[in-house]
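Read through the structure below, which is laid out as structure tokens, and then see the notes.
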Amino acid sequence: MLVLVAPGQGAQAPGFLNPWLELPGVADLLTQWSEITGLDLVRYGTEADADEIRDTAVAQPLLVAAGLLSTRALFHGGPPLGLDRVGAVAGHSVGELTAAATAGVLSERDAMAVVTRRGQAMAEAAAVTRTGMSAVLGGDADAVVAHLEGLGLTPANINGAGQIVAAGTTEQLAALAAERPEGARVRELKVAGAFHTHHMAPAVGALKAAVADLAPGAPAVRLVSNRDGRVVTDGGDFVDRLVGQVASPVRWDLCMDTFRELGVTALIEVCPGGTLTGLAKRALPGVKTLALKTPDQLDAARELIAEHGTAE
């Protein structure tokens, strides 16, 4: 059984879309989505530096665009492989919008419009107080969570595989760096706010307004939610979860538990892949993984789908 996953904020890197622009139709597609977002996605994906694409209002639309264009290339180029060969789809944080569009809950245009407002609203919320996020690697999970809460921090991403992401004010994160949980390392993340915490509460209302007129479709494939790792079968329910998710923790550990229960044997992470496959290698031993970074890997990804995907 094959799972398709989409990464979240922080996965972007300068110039990461350069090789994708060599594929037919990609430049036109990014131009269309640039009109929706009001951002020059081609420039941001090819020429912009790390600081420019770290901006939440830029990073989020850029990541969803990358995920969607690489998924298009995977399923609409080369051998005729259908989405019915995919056993489940999920996304980490903003990657859930990529997953929603892939599963047919949202159109690509709607996903790009929603992610634009999401990025703007979360950037506005982040500007109120100086906040950020740090990864806590290793240590006992329960002890780490208790330590974070003792410092006033939120375990915003419980990612499994020995990784928990702490979020809070810069002062709280400085205290964490100075007073690490036993047996754990702390690494500052290049994000511009305390996402998935109460600091993002103002963004919830903005996102709720952004989805008010949408008509979500039913998922065409199993769609696994960050909130609790459950398979969601109603498109409206999934969109409601997308709205609340910006101010609540991401439970990627529970998503991986669900993959395991469903019988996952292979996992492909769409562009810019790497983060989620790294977690899967540690949490899902024996599962074949592929991080899709460039078009050169499309054939290998299609081979993995042909080997592990089952039409239902």
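No hydrogens, no waters, no symmetry mates; every other heavy atom, side chains included, goes into these values. All figures in this text were calculated on a predicted structure; none of them were measured in a lab.
Open room surrounds CZ on R180; 12 or fewer heavy atoms of other groups in view lie less than 6.0 Å from it. More than 12 heavy atoms of other residues, nucleotides or ligands sit less than 6.0 Å from atom CZ of R260. Annotation: D49, atom CG; neighbour count of heavy atoms from other residues, nucleotides and ligands within 6.0 Å is above 12.
The minimum heavy-atom distance between P14 and I53, with the atom names listed, is N-CD1, 3.6 Å. G10 approaches L63 most closely through the heavy-atom pair N-CD1, 4.2 Å. Across every non-hydrogen atom of L41 and S34, the tightest pair is N-OG, 3.0 Å. Shortest non-hydrogen contact noted between L267 and V287 is N-CG1, 4.0 Å. Of all heavy-atom pairs between R118 and L97, the closest is CD-CD1, 3.8 Å. Here the closest heavy-atom approach between residue P216 and residue G236 is recorded as CB-N, 3.9 Å.
Atoms CZ and CG, from R117 and L207 in turn, are 8.5 Å apart once rounded to the nearest 0.5 Å. The structure places OG1 of T56 at 7.5 Å from CE of M200, a figure rounded to the nearest 0.5 Å. A distance of 10.0 Å separates CG in D228 from OG in S248, rounded to the nearest 0.5 Å. Here the CZ atom belonging to R222 is positioned 12.0 Å from the OG1 atom belonging to T233, to the nearest 0.5 angstrom. D257 CG to L284 CG: the interatomic distance, rounded to the nearest 0.5 Å, is 8.5 Å. Considering CG of L30 and CG of L21, their distance stands at 6.0 Å, rounded to 0.5 Å.
Within the 3.5 Å criterion, the main-chain N or O of T294 finds a donor-acceptor partner in the side chain of Q297. With hydrogens and angles disregarded, no donor-acceptor distance shorter than 3.5 Å links the side chain of T265 to the backbone of H308. Proximity of a side-chain donor or acceptor of D55 to a complementary backbone N or O of A57 within less than 3.5 Å is detected. The main-chain N or O of L137 is never found under 3.5 Å from a side-chain atom of R185 such that the two would form a donor-acceptor pair. For E22 (side chain) and W20 (main-chain N/O), no donor-acceptor pair under 3.5 Å exists by modelled atom type. For H147 (side chain) and E179 (main-chain N/O), a donor-acceptor pair under 3.5 Å exists by modelled atom type. The closest donor-acceptor contact from the side chain of T197 to the backbone of H199 lies under 3.5 Å.
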If you apply the rule side-chain contact (heavy atoms from CB on, under 4.5 Å), what do you find for V264 with M256, and how did you get there? CA-CA 9 Å; V264 62; M256 291 196 292; over 6 Å; no

Side chain to side chain donor-acceptor pair (under 3.5 Å) assessment of Q9 paired with S93: CA-CA 7 Å; Q9 198 163 336; S93 187; over 6 Å; no

Under the criterion side-chain contact (heavy atoms from CB on, under 4.5 Å), I'd like the reasoning laid out for L290 against T277: C-alpha separation, chi angles, the key distance, then a yes or no. CA-CA 7 Å; L290 188 148; T277 48; 5.9 Å; no

Is there a side chain to side chain donor-acceptor pair (under 3.5 Å) between R187 and Q163 once you walk through the steps? CA-CA 11 Å; R187 176 168 56 86; Q163 184 186 107; 5.9 Å; no

Test side-chain contact (heavy atoms from CB on, under 4.5 Å) on V58 and Q12; report intermediate values, then the result. CA-CA 10 Å; V58 171; Q12 72 277 7; over 6 Å; no

Please lay out, stage by stage, how L62 and L17 fare under the test side-chain contact (heavy atoms from CB on, under 4.5 Å). CA-CA 9 Å; L62 188 61; L17 288 186; 3.9 Å; yes

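Residues V94 and M122 have side chains not in contact (no heavy-atom distance under 4.5 Å, counting atoms from C-beta outward). With contacts defined as side-chain heavy-atom distances shorter than 4.5 Å, the pair L68/L29 does not qualify. Side-chain contact check for F75 versus I305: some heavy-atom pair is nearer than 4.5 Å. Side-chain contact between L254 and R227 is absent, with no heavy-atom pair separated by less than 4.5 Å. Put simply, the side chain of D84 does not reach to within 4.5 Å of the side chain of V221, judged on heavy atoms. Within the 4.5 Å cutoff, the side chain of V136 has heavy atoms near those of the P181 side chain. Using a 4.5 Å cut-off on side-chain heavy atoms (C-beta onward), L292 and L298 make contact. Residues F238 and P219 are not in side-chain contact: their nearest non-hydrogen atoms beyond the backbone lie 4.5 Å or more apart.
Using a 4.5 Å cut-off between side-chain heavy atoms of Ile, Leu, Val, Met, Phe, Trp and Tyr, with links allowed through other members, I158 and L276 fall into different hydrophobic clusters. Linking Ile, Leu, Val, Met, Phe, Trp and Tyr whenever their side-chain heavy atoms come within less than 4.5 Å leaves F195 and V186 in two separate clusters. In terms of hydrophobic clustering, with Ile, Leu, Val, Met, Phe, Trp and Tyr side chains grouped at heavy-atom distances under 4.5 Å, V3 and L279 are assigned to a common cluster. Using a 4.5 Å cut-off between side-chain heavy atoms of Ile, Leu, Val, Met, Phe, Trp and Tyr, with links allowed through other members, L189 and F16 fall into the same hydrophobic cluster. A continuous path of ILVMFWY side-chain contacts below 4.5 Å connects L242 to V204, so both sit in one hydrophobic cluster.
Of the residues K288, R85, R302, the one that meets the salt bridge (charged side-chain N to carboxylate O under 4.0 Å, His left out) test with E307 is K288.
In summary, R43 and E52 engage in a salt bridge, as defined by a charged side-chain N under 4.0 Å from a carboxylate O.
For the 3.5 Å distance criterion, the side chains of E269 and T275 fail to qualify, holding no donor opposite an acceptor.
Qualifying ring pair (Phe, Tyr, Trp, His ring centres under 6.0 Å) partners for H196, counting only residues two or more places apart in sequence or in other chains: none.
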